[in-house]
Amino acid sequence: MNDSYFEFGTAAERWDRARMFFEAKEYLTAARILGGLVEEAPEQVAPRLLLARAYYHSARLGKAETELRAVLERDPVEHYARLMLGRTLERQGRQAEAAPHLRMAAAMSGDFGDFGDDAGDSDV
């Protein structure tokens, strides 16, 4: 697939295409498309959050962490980004760094259950 495919169409068409690839579990392809969208509109949270999820699911955890931190810099109360950052840090073996993010995500969502274990990793 040549690079023009990833850049072809309007932003809305590329967003739809990226979501289609993400839903098909073609995370690397989705990330390529989303990367361009994020460059064009870095202030938009949804493409950056989906890009972080694509990175997470393709085990590109450093890139996922970078995108999640950018989301939280723009929107500190984005509880799903907070949860994903906690899970991403956990997956990197950084439990101590993950714990505050997981606690904040739980508090923001009203879920005060057990948030420090590996359960729920598939929800991200």
Side-chain angles (χ1 to χ4, degrees):
M1 209 176 303
N2 64 33
D3 286 338
S4 63
Y5 175 77
F6 300 103
E7 300 165 0
F8 178 77
T10 66
E13 290 168 337
R14 286 179 286 140
W15 169 249
D16 288 341
R17 190 177 315 125
R19 289 179 42 211
M20 178 191 70
F21 278 109
F22 185 88
E23 290 169 10
K25 298 184 180 185
E26 295 288 337
Y27 302 119
L28 294 176
T29 304
R32 274 184 86 174
I33 297 167
L34 290 162
L37 290 171
V38 166
E39 281 182 28
E40 289 175 27
E43 71 285 353
Q44 291 188 359
V45 171
R48 193 176 290 272
L49 192 53
L50 190 59
L51 177 59
R53 290 179 64 200
Y55 285 149
Y56 178 89
H57 287 296
S58 60
R60 297 166 76 187
L61 302 177
K63 289 184 175 224
E65 179 182 349
T66 298
E67 294 303 327
L68 291 165
R69 290 188 186 280
V71 167
L72 291 169
E73 187 175 295
R74 286 172 173 70
D75 187 358
V77 295
E78 170 51 63
H79 90 277
Y80 189 69
R82 195 69 65 188
L83 172 65
M84 280 189 61
L85 179 58
R87 295 294 184 206
T88 300
L89 294 169
E90 275 185 332
R91 212 168 149 191
Q92 295 178 72
R94 297 161 57 191
Q95 281 75 14
E97 288 178 69
H101 296 288
L102 295 173
R103 279 193 297 272
M104 281 189 268
M108 288 177 198
S109 69
D111 178 16
F112 297 101
D114 186 13
F115 50 82
D117 64 3
D118 290 334
D121 203 12
S122 63
D123 292 341
V124 174

note = side-chain hydrogen bond (donor to acceptor under 3.5 Å, both in side chains) with E90: of Q92, R87, R94, only one passes, and it is R87

Listed once per pair and sorted, the ring-ring contact (aromatic ring centres under 6.0 Å, His included) pairs that draw on residues 81-109, sequence neighbours left out = none

key: Closest contact, heavy atoms only, A98 versus G86   = CB-O, 3.2 Å

ask   = Any idea which heavy atoms bring A64 and T88 closest together, and the distance?
value = CB-CG2, 4.2 Å

ask   = Which residue pairs pass the side-chain hydrogen bond (donor to acceptor under 3.5 Å, both in side chains) test with at least one member in residues 39-52, sequence neighbours excluded?
value = R14-E40, R48-E67

I33 CD1 to R19 CZ distance, which is reported to the nearest 0.5 Å = 12.5 Å

message = Please tell me whether L83 and L72 are part of a single hydrophobic cluster in this structure, the criterion being side-chain heavy atoms less than 4.5 Å apart.
response = yes

message = What's the separation between atom CD in E26 and atom CE in M20, rounded to the nearest 0.5 Å?
response = 9.0 Å

note = To the nearest 0.5 Å, atom CD of E97 lies from atom CG of L85 at 8.5 Å

query = Where do K63 and Y56 land on the side chain to side chain contact (heavy atoms under 4.5 Å, CB included) test, with the steps shown first?
reply = CA-CA 8 Å; K63 289 184 175 224; Y56 178 89; over 6 Å; no

inquiry  = Could you check whether any side-chain heavy atom of M84 comes within less than 4.5 Å of a side-chain heavy atom of L49, counting everything from C-beta outward?
reply    = yes

inquiry  = Under 4.0 Å between a side-chain nitrogen and a carboxylate oxygen: does that hold for E73 and R69?
reply    = no

task = Of all the heavy-atom pairs spanning R60 and A31, show the shortest one and how long it is.
result = NH1-CB, 4.3 Å

query = Does some side-chain heavy atom of L61 sit less than 4.5 Å from a side-chain heavy atom of Y55?
reply = no

query = Would you say L68 and L102 are hydrophobically clustered, going by side-chain heavy atoms of ILVMFWY under 4.5 Å?
reply = yes

key: Connected via hydrophobic side-chain network under 4.5 Å: V45 and L51   = no

ask   = In terms of ring plane angle, is the pair H57 and Y27 parallel, tilted or perpendicular, where the classes change at 30° and 60°?
value = parallel

R91 bridged to E65 by N-O distance under 4.0 Å = no

task = Establish whether F22 and V38 are linked, either directly or via other cluster members, by ILVMFWY side-chain heavy-atom contacts under 4.5 Å.
result = yes

task = Please name the pair of heavy atoms, one in L34 and one in P47, separated by the smallest distance, quoted to 0.1 Å.
result = CD2-O, 4.0 Å

task = Check A30 against A18 and note the closest heavy-atom contact, atom names and distance.
result = CB-O, 3.5 Å

task = Please name the pair of heavy atoms, one in A96 and one in P100, separated by the smallest distance, quoted to 0.1 Å.
result = O-CD, 3.3 Å

inquiry  = Does any part of the side chain of W15, heavy atoms only, come nearer than 4.5 Å to the side chain of L50, both counted from C-beta?
reply    = yes

